[in-house]
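First the structure, in the form of structure tokens, and then the observations on it.
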Amino acid sequence: MLDDAIRAELSGYRQSIDNIDAALVHMLAERFRCTQAVGVLKARYDLPPADPAREEYQIERLRRLAKDANLDPDFAEKFLNFIIREVIRHHEAIAADLKD
């Protein structure tokens with residue numbers, strides 16, 4: 001059985017985690033608002049949805065940031081790759097919509 005002090009400490013950590021999760025969702029929403037605008041621009045000028053050179057640069061940049069922040073760089077890369085795949089999917093859909 002947990003005593004009141006442990007429950008309070010656990011509750012405090014969980015509240016912080018909930019706040020961070022909310023901030024992450026809002027930050028991702030803002031990021032996707034920006035990438036949607038990029039997708040429209042790319043579609044308008046018939047640019048490819050993916051930019052491998054940019055993606056490679058961003059992955060290396062994020063790995064460095066993760067290392068500096070004591071976050072597993074492999075995890076950071078997997079997370080960014082997931083986001084990149086989703087952005088490319090959005091850009092492809094935007095391009096298809098503009099062609100219709």
Side-chain angles (χ1 to χ4, degrees):
M1 201 75 176
L2 298 178
D3 68 26
D4 289 341
I6 295 171
R7 285 181 206 269
E9 186 175 0
L10 183 59
S11 178
Y13 286 133
R14 287 179 172 165
Q15 183 61 51
S16 292
I17 290 167
D18 292 349
N19 291 341
I20 293 165
D21 288 347
L24 284 170
V25 166
H26 289 282
M27 292 176 74
L28 284 170
E30 182 61 24
R31 189 186 196 288
F32 277 95
R33 275 191 281 283
C34 291
T35 61
Q36 291 287 57
V38 169
V40 170
L41 188 66
K42 284 181 171 184
R44 187 179 302 139
Y45 293 100
D46 202 29
L47 299 170
D51 183 344
R54 164 88 174 149
E55 293 158 21
E56 184 178 334
Y57 170 80
Q58 284 297 92
I59 288 168
E60 287 306 313
R61 181 179 157 275
L62 195 69
R63 288 184 66 86
R64 284 191 307 273
L65 289 170
K67 187 176 177 186
D68 290 346
N70 295 316
L71 179 67
D72 179 0
D74 292 335
F75 170 77
E77 182 175 346
K78 289 175 191 174
F79 181 71
L80 184 61
N81 280 325
F82 174 78
I83 291 171
I84 289 169
R85 283 192 309 273
E86 190 66 12
V87 167
I88 292 169
R89 188 179 69 77
H90 289 181
H91 288 186
E92 291 168 343
I94 290 166
D97 286 348
L98 287 181
K99 288 181 183 179
D100 290 341

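Residue Asp3 holds its CG atom at 8.5 Å from CZ of Arg7, rounded to the nearest 0.5 Å. Distance check, rounded to the nearest 0.5 Å: NZ of Lys42 to CG of Leu98 gives 14.0 Å. Taken to the nearest 0.5 Å, the CG atom of Leu24 stands 6.5 Å off from the CZ atom of Phe79. A distance of 9.0 Å separates CG of Asp18 from CZ of Arg14, quoted to the nearest 0.5 Å. Taking CD1 of Ile94 as the start and CD of Gln36 as the end, the distance is 4.0 Å to the nearest 0.5 Å. Separating the OG1 atom in Thr35 from the CD1 atom in Ile83 is a distance of 9.5 Å, to the nearest 0.5 Å.
Looking at Glu30 and Arg33, a side-chain N of the basic residue comes within less than 4.0 Å of a carboxylate O on the acidic one, giving a salt bridge.
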- Task: Check the pair Glu92 / Arg89 against salt bridge (Lys or Arg N to Asp or Glu O under 4.0 Å), numbers first and verdict last.
- Result: CA-CA 5 Å; Glu92 291 168 343; Arg89 188 179 69 77; over 6 Å; no

- Message: Let's go through Arg63 and Asp74 carefully: what are the C-alpha distance in whole Å and the side-chain angles of both, what is the deciding distance for salt bridge (Lys or Arg N to Asp or Glu O under 4.0 Å) to 0.1 Å, and is it a yes or a no?
- Response: CA-CA 7 Å; Arg63 288 184 66 86; Asp74 292 335; 3.0 Å; yes

- I would like to know whether Gln58 and Arg61 meet side chain to side chain contact (heavy atoms under 4.5 Å, CB included); could you show each step before the answer? CA-CA 5 Å; Gln58 284 297 92; Arg61 181 179 157 275; 3.6 Å; yes

- Message: Working note: Leu47 + His91, criterion side chain to side chain contact (heavy atoms under 4.5 Å, CB included); need CA distance, chi angles, decisive distance, verdict.
- Response: CA-CA 10 Å; Leu47 299 170; His91 288 186; over 6 Å; no

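Looking at every heavy atom in both residues, Ala95 comes nearest to Ala43 through CA-CB, 3.7 Å. Of all heavy-atom pairs between Ala76 and Ala66, the closest is CB-CB, 3.6 Å.
Clustering ILVMFWY residues whenever any of their side-chain heavy atoms sit less than 4.5 angstrom apart, transitively, puts Ile88 in the very cluster that holds Ile59.
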